[in-house]
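Just so you know, ligand 1 is whichever comes first in the structure, and atom 1 is the first atom listed for that ligand. These numbers come from the heavy atoms of this one structure, side chains and all, not from hydrogens, waters or symmetry mates.
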Amino acid sequence: MVKQLKPAKHILITGGSRGIGRAVAIGAGERGWSVGVNYAGNEKAAAETVAAVKAAGGQAIAIQGDVASEADVIAMFDATMAAFGPLDGLVNNAGIVGPKQAFADYSLERMKRIFDINVLGAYLCAREAARRMSTSRGSQYGARGGSIVNLSSMAARLGSPGEYVDYAGSKGAIDTMTVGLARELAPEGIRVNAVRPGLIDTEIHASGGQPDRAARLGATTPMGRAGTAGEVAAAVLWLLEDSCDYLTASLLDVAGGR
Ligand code: NAP
């Protein structure tokens, strides 16, 4: 019997330059996939990720763009599809936290920035993916269905009191979007799921002014440690694969039992 080779997938990862996004990109490269590696400002990190994807056996391009800008979002999808062809997946991963602060001290600017990037940005990217992967409306894009994986957080359930309640709420919006979009897009060949990481050892904690956060709080979890970007990436990659074709509208916790 001749073994059928699976066609390589073409995916876009927002915030693919570092952390969880980079780990997903490298895993995609190991599968021979093509990856649009979006980043906000860290050109060097994005170039390193692109090189790592290629070294792993895939194709990749770096695409600068702010997910909170509609024009940038459209341009990053255009660039990915111009380089590789029809899109098979979106990893809606770009996200930020603010500094640890009491809720009553939040500025309007802080909350707007969180919601612009984490919510509006993710919604814009999901919309663009829906337009381009839908089997009923994406014929001009060569649409053949696909998979959207949203990076939510355990914060959506825990609320992040005393740290960042705004961030937690932004991830709650991602959970709700995941379920609604999954049900709306199922007849159009698009699966939508979310991964909810717990405490993962990436630079996001330092960006919020707590570089030791993952190690410190990770030690208090049932597994007694923080997770790695690679452990989250494994779940994201599985949700992109065809082996879980019947899986949609799920919120998958990757949190060591937290
Ligand atoms: P990270 O290491 O801080 O990396 C953030 C990535 O997002 C970088 O690639 C960054 O690009 C990009 N980015 C930031 N703002 C952007 C914007 N406006 N437009 C486009 N890209 C932007 O973060 P991470 O820990 O890997 O987190 C990835 C996702 O997982 C986030 O959604 C986060 O909320 C979620 N998550 C993380 C944890 C955790 O413990 N790490 C837990 C739960 C959920 P540059 O390199 O150019 O700055």
Output yes when the distance from some N or O of ligand 1 to some N or O of [X] is under 3.5 Å, and no in every other case.
X    : value
Y39  : no
I200 : yes
S153 : no
A68  : no
S207 : no
V67  : yes
I117 : no

Charged N-O contact under 4.0 Å between [X] and [Y]:
X    : Y    : answer
K9   : E241 : no
D116 : K112 : no
E231 : R225 : yes
R196 : D175 : yes

For the residue pair [X] and [Y], confirm or rule out a side-chain donor-acceptor distance under 3.5 Å.
X    : Y    : value
S134 : E188 : yes
Q140 : R132 : no
T49  : R22  : yes
T14  : N93  : no
Q210 : E163 : yes
N150 : T178 : yes

List every atom of ligand 1 that sits less than 4.0 Å from any heavy atom of [X], numbering the atoms from 1 in the order shown and giving each element.
X    : answer
R18  : 2 (O), 3 (O), 8 (C), 9 (O), 10 (C), 45 (P), 46 (O), 48 (O)
E203 : 2 (O)
I96  : 14 (C), 15 (N)
I20  : 26 (O), 30 (O), 37 (C)
A94  : 7 (O), 20 (C), 21 (N), 22 (C), 32 (O)
Y167 : 33 (C), 34 (O), 35 (C), 36 (N), 43 (C), 44 (C)
G65  : 19 (N), 20 (C)
N38  : 20 (C), 21 (N)

State whether the side chain of [X] and the backbone N or O of [Y] hold a donor-acceptor pair below 3.5 Å, judged by distance alone.
X    : Y    : result
N38  : I63  : yes
D253 : A255 : no
N193 : A249 : yes
T221 : L217 : no

Which part of [X] is near ligand 1, with near meaning a heavy atom under 4.0 Å away: side chain, backbone, both or neither?
X    : answer
M154 : neither
S17  : both
S152 : backbone
H205 : side chain
V232 : neither

Taking the side chain as every heavy atom from C-beta outward, state whether Y106 and V165 have any pair of such atoms under 4.5 Å apart.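 Y106 vs V165: side chains touch.
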With the threshold set at under 4.0 angstrom, would you say K171 reaches ligand 1 through any of its heavy atoms?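 A heavy atom of K171 does come that close to ligand 1.
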Is there a heavy atom in T14 that sits closer than 4.0 Å to ligand 1?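 No, T14 has no heavy atom closer than 4.0 Å to ligand 1.
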Could you name the option among [options] that has the heavy atom nearest to [atom]?
atom                    : options                : value
atom 18 (N) of ligand 1 : I13, N150, D66, L217   : D66
atom 1 (P) of ligand 1  : I174, D116, I204, T228 : I204
atom 5 (C) of ligand 1  : G95, A122, G198, A46   : G95

Looking only at protein heavy atoms, which one is nearest to [atom], and how far off is it?
atom                    : value
atom 16 (C) of ligand 1 : A40 CB, 3.6 Å
atom 25 (O) of ligand 1 : T202 OG1, 2.4 Å
atom 7 (O) of ligand 1  : G15 CA, 3.5 Å
atom 28 (C) of ligand 1 : N93 OD1, 3.1 Å

Listed partners of R113 passing salt bridge (charged side-chain N to carboxylate O under 4.0 Å, His left out), at least two apart: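 Checked R113 against salt bridge (charged side-chain N to carboxylate O under 4.0 Å, His left out); zero matches.
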So, applying side-chain contact (heavy atoms from CB on, under 4.5 Å) with I148, which one of R191, M133, M177 is it?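 Only match with I148 under side-chain contact (heavy atoms from CB on, under 4.5 Å): M133.
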